[in-house]
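Heads up: the structure comes next, in structure tokens.
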Amino acid sequence: MTKNIAVIRGDGIGPEIVGQAIRVLDRVAEVYGHTFNYTDVDMGGCAIDKYGDPLPQSELEKCVGSDSVLLGAVGGNKWNDVPGNMRPEKGLLRLRAGMGVYSNNRPAKIWPQLADASPLKKSIVDEGIDFIIVRELIGGIYFGEHKTEGDVATDVLKYSEAEIERIGRIGFETARKRGKRLCSVEKSNVLDSSRLWKKVMHGLCEEYPDVELSDMLVDNCAMQIVKNPAQFDVIVTENMFGDILSDEASMITGSIGMIPSSSLGATSCGLYEPIHGSAPDIAGQDIANPIGTILSAAMMLRFSFDLDREADAVEAAVQKVLSEGFRTGDIMSVGCRKVSTSEMGDLIAERI
Ligand code: IPM
Ligand code: MG
């Protein structure tokens, strides 16, 4: 199989972690007889420096024209003072919208080898943590009108029934393939958009009689994630709630550095990125954890290229390296061997 992958290394630790994911993809290509062609795309702070624009149209087109996009991370203090619509993050938002990837899938799963790294009590962790957050990605307050007039700033949170329905279906379908429990998270005691959200979710129920739907207010959900994470199978929620809850969910699994994500829309061309940021404080030191990006590449193999066997091989290689006791600094614990970003990439690639 030949696939063309657009690669956005981005800022901070982005180039280092993406480099390791590519090493792993190359190993997959070699072992399983595929060809992956890579096209570099500039986005984020590096694109602001180069073109004065966090995602020039020509760069976006390279992504839309590819079979899938692999992204490291964008942003950094250096660009903190640029205007809102020119920030590195704006490049990412334009990319998501431009690719039409409305459905963001963020797994929160505890790796048995890393159970010690969770900040939760052992008794809670032992109940199990294995759920997925399905986050709506191209609507809501992120994409409503933003404006500042004098001393008043406004951001508009808007959802249409159609936008809610299409992400709702992904939630139900994701639950159908797993434990068949879907929790719809909103703030319907305050927001109109959430009342619409809840209504649309319940409207979908009868099409998915095998899935049990429950509702939860987002503030309660934030609490339940630390109190009793084992209760969740699939959570479906709007853009900003999903942003916040997915950081929380990642932390209880031990390290945000471990969590991959996929973003898909109407086609198989997806966007794959770790959920963490560009960590400028540790950039260029070869110490960042590349596993979130490597697992994102595995998701690309599985969801965009239908290469399940290859994706399984990457995930098994990560398991193996962890079982053998190799750790980057963020997941280091006693008795383990600390390795660098590139050593971690080598170890995983070698085990495929
Ligand atoms: C994420 C990030 C982004 C978001 C930022 C960088 C715009 O936090 O992917 O979770 O808020 O979606
Ligand atoms: Mg976030």
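Every number for a ligand or one of its atoms is a count from 1 in the order of the listing. Only heavy atoms go into these numbers, but all of them, side chains included; no hydrogens, no water, no symmetry mates.
Remark: of the listed residues Met201, Lys198, Met216, Lys198 is the sole one forming a side-chain contact (heavy atoms from CB on, under 4.5 Å) with Glu186. Results of the salt bridge (Lys or Arg N to Asp or Glu O under 4.0 Å) test with Asp233 over Lys177, Arg178, Arg181 single out Arg178 as the only residue that passes.
Contacts of Arg106 with ligand 1, taken as heavy-atom pairs under 4.0 Å, involve the side chain alone.
Of all protein heavy atoms, the one closest to atom 4 (C) of ligand 1 is Tyr142 OH, 3.5 Å. If you check which protein heavy atom lies closest to atom 10 (O) of ligand 1, you get Asp243 OD1, 2.9 Å. Annotation: atom 6 (C) of ligand 1 to nearest protein heavy atom, Glu89 CG, 3.7 Å.
Remark: distances from the non-hydrogen atoms of Arg135 to ligand 1 include one below 4.0 Å. For Arg96, the closest heavy-atom approach to ligand 1 falls below 4.0 Å.
Coordination check, Asp243 versus the Mg ion (ligand 2): passed, since an N/O/S atom of the residue sits under 2.8 Å.
Partners of Lys199 under the side chain to side chain donor-acceptor pair (under 3.5 Å) rule, at least two apart in sequence or in another chain, are Glu161.
Around NZ of Lys50, the count of heavy atoms belonging to other residues, nucleotides or ligands within 6.0 Å does not exceed 12. Residue Asp81 qualifies as open at atom CG: its count of foreign heavy atoms under 6.0 Å is 12 or below.
Asp126 has no carboxylate O lying under 4.0 Å from a charged side-chain N of Lys121, or vice versa, which leaves the two without a salt bridge.
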